[in-house]
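Everything numeric in this text was worked out from a predicted model, so none of it was measured.
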Amino acid sequence: QVQLVESGGGLVQAGGSLRLSCAASGRTFSIYRMGWFRQGPGKEREFVSRIGWNTGTTTYADSVKGRFTISRDNAKNTGFLQMNSLKPEDTAVYYCAADTGRRWPAIDFGSWGQGTQVTVSS
């Protein structure tokens, strides 16, 4: 099992930046990829970005491409989501998730954090 704890959320004005962190513990050696998802008010949870834990290969949703950057620090078992040029529509609870590759090649994020609130004011 992998445990995940997000931090770094908060209130920011449109155009501002935030950096989210996701600290992993437990069977961190089993992490194959880490992802970020979000759920806005009245919306379904949606994919934001993911990164290959060893390869560093990244993927982004079109809505955040060019504004958000995903990264990780393997030595600290921590993932990051740098969010720039934030918009009110980015307001959501942001979740990080880990995929241990147990259903490779399928993507299966089986471990989730509790989420951190990001609110962007206009």
Side-chain angles (χ1 to χ4, degrees):
Q1 280 282 29
V2 175
Q3 292 79 44
L4 303 170
V5 178
E6 304 95 334
S7 61
L11 173 65
V12 64
Q13 288 188 333
S17 299
L18 282 175
R19 189 192 196 205
L20 305 183
S21 298
C22 177
S25 61
R27 298 171 60 89
T28 57
F29 61 86
S30 65
I31 297 176
Y32 183 73
R33 60 170 63 91
M34 180 175 281
W36 288 93
F37 295 77
R38 67 186 182 186
Q39 186 167 16
K43 299 180 180 179
E44 294 187 352
R45 186 173 62 191
E46 64 176 354
F47 166 76
V48 175
S49 182
R50 64 177 180 261
I51 186 168
W53 199 245
N54 294 317
T55 65
T57 302
T58 59
T59 303
Y60 296 93
D62 287 343
S63 58
V64 306
K65 205 171 291 184
R67 299 187 299 122
F68 290 11
T69 303
I70 191 171
S71 62
R72 86 284 189 227
D73 184 332
N74 299 70
K76 295 183 178 180
N77 295 315
T78 302
F80 304 98
L81 186 67
Q82 177 67 43
M83 306 185 295
N84 298 329
S85 302
L86 283 161
K87 305 174 181 180
E89 50 264 44
D90 294 318
T91 294
V93 177
Y94 283 72
Y95 300 89
C96 69
D99 177 1
T100 60
R102 60 180 178 171
R103 296 183 180 176
W104 185 89
I107 297 174
D108 178 29
F109 288 102
S111 298
W112 292 81
Q114 82 289 348
T116 186
Q117 176 70 47
V118 171
T119 302
V120 184
S121 63
S122 57

Would [X] and [Y] show up in the same hydrophobic cluster when neighbours are defined by side-chain heavy atoms closer than 4.5 Å?
X	Y	result
M34	Y60	yes
F109	I51	no
F47	M83	no

Output the distance between atom [atom1] ([X]) and atom [atom2] ([Y]), rounded to the nearest 0.5 Å.
X	Y	atom1	atom2	result
T116	E6	OG1	CD	7.0 Å
K76	T28	NZ	OG1	15.0 Å
Y95	R45	OH	CZ	7.5 Å
E89	S122	CD	OG	10.0 Å
K43	T91	NZ	OG1	8.5 Å
K65	S49	NZ	OG	10.0 Å

For the student: nearest non-hydrogen atoms of [X] and [Y], plus distance:
X	Y	result
S17	N84	OG-OD1, 2.9 Å
A98	I31	CB-CG1, 4.4 Å
W53	G79	CH2-N, 4.2 Å
A24	V2	CB-CG1, 4.2 Å

Has [X] got a side-chain atom pairing as donor or acceptor with [Y]'s backbone, closer than 3.5 angstrom?
X	Y	value
Q39	E44	no
R19	Q82	no
E46	R38	no

message: Name the residue from L81, L20, V64, V48 that meets the side-chain contact (heavy atoms from CB on, under 4.5 Å) definition with I70.
response: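 It is L81; the other options fail the test.
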
task: Apply side-chain contact (heavy atoms from CB on, under 4.5 Å) to T69 and F80, showing your working.
output: CA-CA 8 Å; T69 303; F80 304 98; over 6 Å; no

- prompt: Judged by modelled atom types alone, do D73 and T78 share a side-chain donor-acceptor pair under 3.5 Å?
  reply: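 Side chains of D73 and T78: no pair found under 3.5 Å.
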
message: For Y94 and W36, which I'm curious about, is there any donor-acceptor pair between the side chains at under 3.5 Å?
response: no

- prompt: Does the salt bridge (charged side-chain N to carboxylate O under 4.0 Å, His left out) test come out yes or no for R50 and D99, once each step is laid out?
  reply: CA-CA 10 Å; R50 64 177 180 261; D99 177 1; over 6 Å; no

task: Specify whether F37 and W112 have parallel, tilted or perpendicular ring planes, treating 30° as the upper limit for parallel and 60° as the lower limit for perpendicular.
output: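 Judged by the thresholds at 30° and 60°, the geometry between F37 and W112 is tilted.
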
[Y] and [X], any side-chain heavy atoms less than 4.5 Å apart:
X	Y	result
R27	T100	no
T119	V12	no
L86	F68	yes
N74	N54	yes
V118	D90	no

task: Could you walk me through whether S111 and Q1 pass side-chain contact (heavy atoms from CB on, under 4.5 Å), step by step?
output: CA-CA 7 Å; S111 298; Q1 280 282 29; 3.9 Å; yes

field: Side-chain hydrophobic cluster, 4.5 Å single linkage: members besides L11
entry: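 ILVMFWY cluster around L11 holds nothing else.
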
message: If you count heavy atoms of other groups shown closer than 6.0 angstrom to CD of Q114, is the number above 12?
response: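 Atom CD in Q114 is crowded, with more than 12 foreign heavy atoms closer than 6.0 Å.
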
message: Between V120 and K87, does the side-chain contact (heavy atoms from CB on, under 4.5 Å) criterion hold? Intermediate values first, please.
response: CA-CA 6 Å; V120 184; K87 305 174 181 180; 5.5 Å; no

task: Give the intermediate values and the outcome of side-chain contact (heavy atoms from CB on, under 4.5 Å) for residues N77 and F29.
output: CA-CA 9 Å; N77 295 315; F29 61 86; over 6 Å; no

